[in-house]
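Presented below is the structure to which this report refers.
In what follows, every chain begins at residue 1, and chains take the letters A, B, ... in the order their sequences are listed.
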Amino acid sequence: MPVVTPSLALIIFIAGIIAGGLGSLLGVAGGVFLVPFLNLGLNLSFPVAAAISLATVIATSSSVSAARSREQVINLRLGMLLEVATAGGSLLGGITAQLVAPAFLQRLFGATMMAIALTILTRLNRRNVILDPTVSTGVLGGRFVEEESGGEVQYRVKRLPLALVASFIAGNVSSLLGIGGGVIKVPVLNAWCGIPLRVAAATSAFMIGVTATPGAIIYYGRGQLVPALAAAAVLGVQLGSWRALEVAAKVPAKWLKLLLAVVLIIVAILMFVRPR
Amino acid sequence: MSNGRLERIIGIVLRTGIVASSVCLGAGLVLSLIGVVTPTAVLLNVGVVVLLATPVARVIVSIVEYVNERDWAFVTLTAIVLAELAASAVAALVFNRRL
């Protein structure tokens, strides 16, 4: 277990602020940035880094969803349905993480980030919103007010089985890698399942609390979740994501996707170049 | 798409959980850094437990609300999610040192 010094706590707190700010700007929890930093930058073991990150993921999910619960942009029914798959995946991932080597987890992390980045890049210009308000949205679809189009838009959920599979994998990877898994769900929901980016991001942010919890509980039970470091990271991420949400609503979706893809590719390369 | 009542209730649960855990974690962290030993481990662990319990509480209130609405499909789905969360606690006990 790492020794908790004031300087280590302060560094993790600042890293949390940066990860939280970047993460909420890009519609992902900060885990994709925090895990590589804690693991490669601060030399914490992969499970300890993943556990801290999962704690911040839960905090981000709770605070972001509390703030958004009035806006109708979260698709609650879709979220609760997909949670069945994502929590199951997370449970299995949390168990698996105790049984495989950290070096394998680092490579899996790199490969996952690279695959997601490429998916985002190939679908940069797609829009899923239906601008005609008379179109039926189906049982799981929805409508919301979008700033970019300046009015109420609707969408239908397509390829639900694919969304369930992606959620299961996201849950699995979440526990294994210490990320929320939004980075997998959001592109799949957006690119293949017909869900607008902002709804996909809000619904995913809602789900990742439940996604991260089984893994976090297992790490905590193992004594791999260091409470003081988790505290520093959680408080930092909350502070960082506080203002960024307002900025995110004003930046065009295409630029957010491009920025996210570039960041993921850099993270992926780092994980492959510097495995320990 | 969704009913506003459940969203409001969930909003309250999540906000309460995140504020309570942040206060415990913040107080615990500050006390541990200035060298006060006694209550810090308790505060930090309570903060972590409240943090982890918040999504669980959100699932439980969703089940209750879906029962009230007699929406049995979603009662079943959210109950499965709760069972998965409970199973992770069992797995944690199996791997255990702390819980």
Under a 4.5 Å heavy-atom cut-off, does chain A meet the side chain of [X], its backbone, both or neither?
{"X": "B/Leu29", "answer": "side chain"}
{"X": "B/Ile80", "answer": "side chain"}
{"X": "B/Ile10", "answer": "side chain"}

Student check: side-chain heavy atoms of [X] and [Y] closer than 4.5 Å:
{"X": "A/Phe13", "Y": "A/Leu235", "result": "yes"}
{"X": "B/Leu14", "Y": "A/Val64", "result": "no"}
{"X": "A/Thr203", "Y": "A/Ile195", "result": "no"}
{"X": "A/Thr86", "Y": "A/Lys185", "result": "yes"}
{"X": "B/Val50", "Y": "B/Cys24", "result": "no"}
{"X": "A/Phe46", "Y": "A/Leu177", "result": "yes"}
{"X": "A/Ile58", "Y": "A/Val210", "result": "no"}
{"X": "A/Glu83", "Y": "B/Leu77", "result": "no"}

Which atoms of [X] come close to chain B, meaning under 4.5 Å heavy atom to heavy atom: side chain ones, backbone ones, both, or neither?
{"X": "A/Val234", "result": "side chain"}
{"X": "A/Gln98", "result": "side chain"}
{"X": "A/Ala9", "result": "side chain"}
{"X": "A/Phe206", "result": "both"}

Heavy atoms only: give me the nearest [X]-[Y] pair and the separation to one decimal.
{"X": "B/Gly28", "Y": "B/Leu44", "answer": "C-CD2, 3.8 Å"}
{"X": "B/Leu52", "Y": "A/Ala216", "answer": "CD2-CB, 3.6 Å"}
{"X": "A/Leu34", "Y": "A/Val237", "answer": "CD2-CG2, 4.3 Å"}
{"X": "A/Leu189", "Y": "A/Ala163", "answer": "CD2-CB, 3.7 Å"}
{"X": "A/Ile218", "Y": "B/Ser88", "answer": "CG1-O, 3.6 Å"}

#### Entry: Any donor-acceptor N/O pair, A/Ser174 side chain to A/Ile179 backbone, under 3.5 Å
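Answer holds: yes.
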### Task
Using heavy atoms and a sub-4.5 Å threshold, report which of residues 88-97 of chain A line up against chain B, by residue number.
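The stretch touches chain B at A/Gly88, A/Leu91, A/Ile95.
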Using a cut-off of under 4.5 Å on heavy-atom pairs, state which of [options] scores highest against chain A.
{"options": "B/Leu82, B/Val19, B/Val81", "answer": "B/Val81"}
{"options": "B/Asp71, B/Ile12, B/Thr40", "answer": "B/Asp71"}
{"options": "B/Val90, B/Leu33, B/Thr16", "answer": "B/Leu33"}

### Message
With a strict 4.5 Å heavy-atom criterion, list every residue of residues 53-63 of chain B that contacts chain A, or say none.
### Response
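Those residues of residues 53-63 of chain B which have a heavy atom under 4.5 Å from chain A are B/Thr54, B/Pro55, B/Val56, B/Arg58, B/Val59, B/Ser62.
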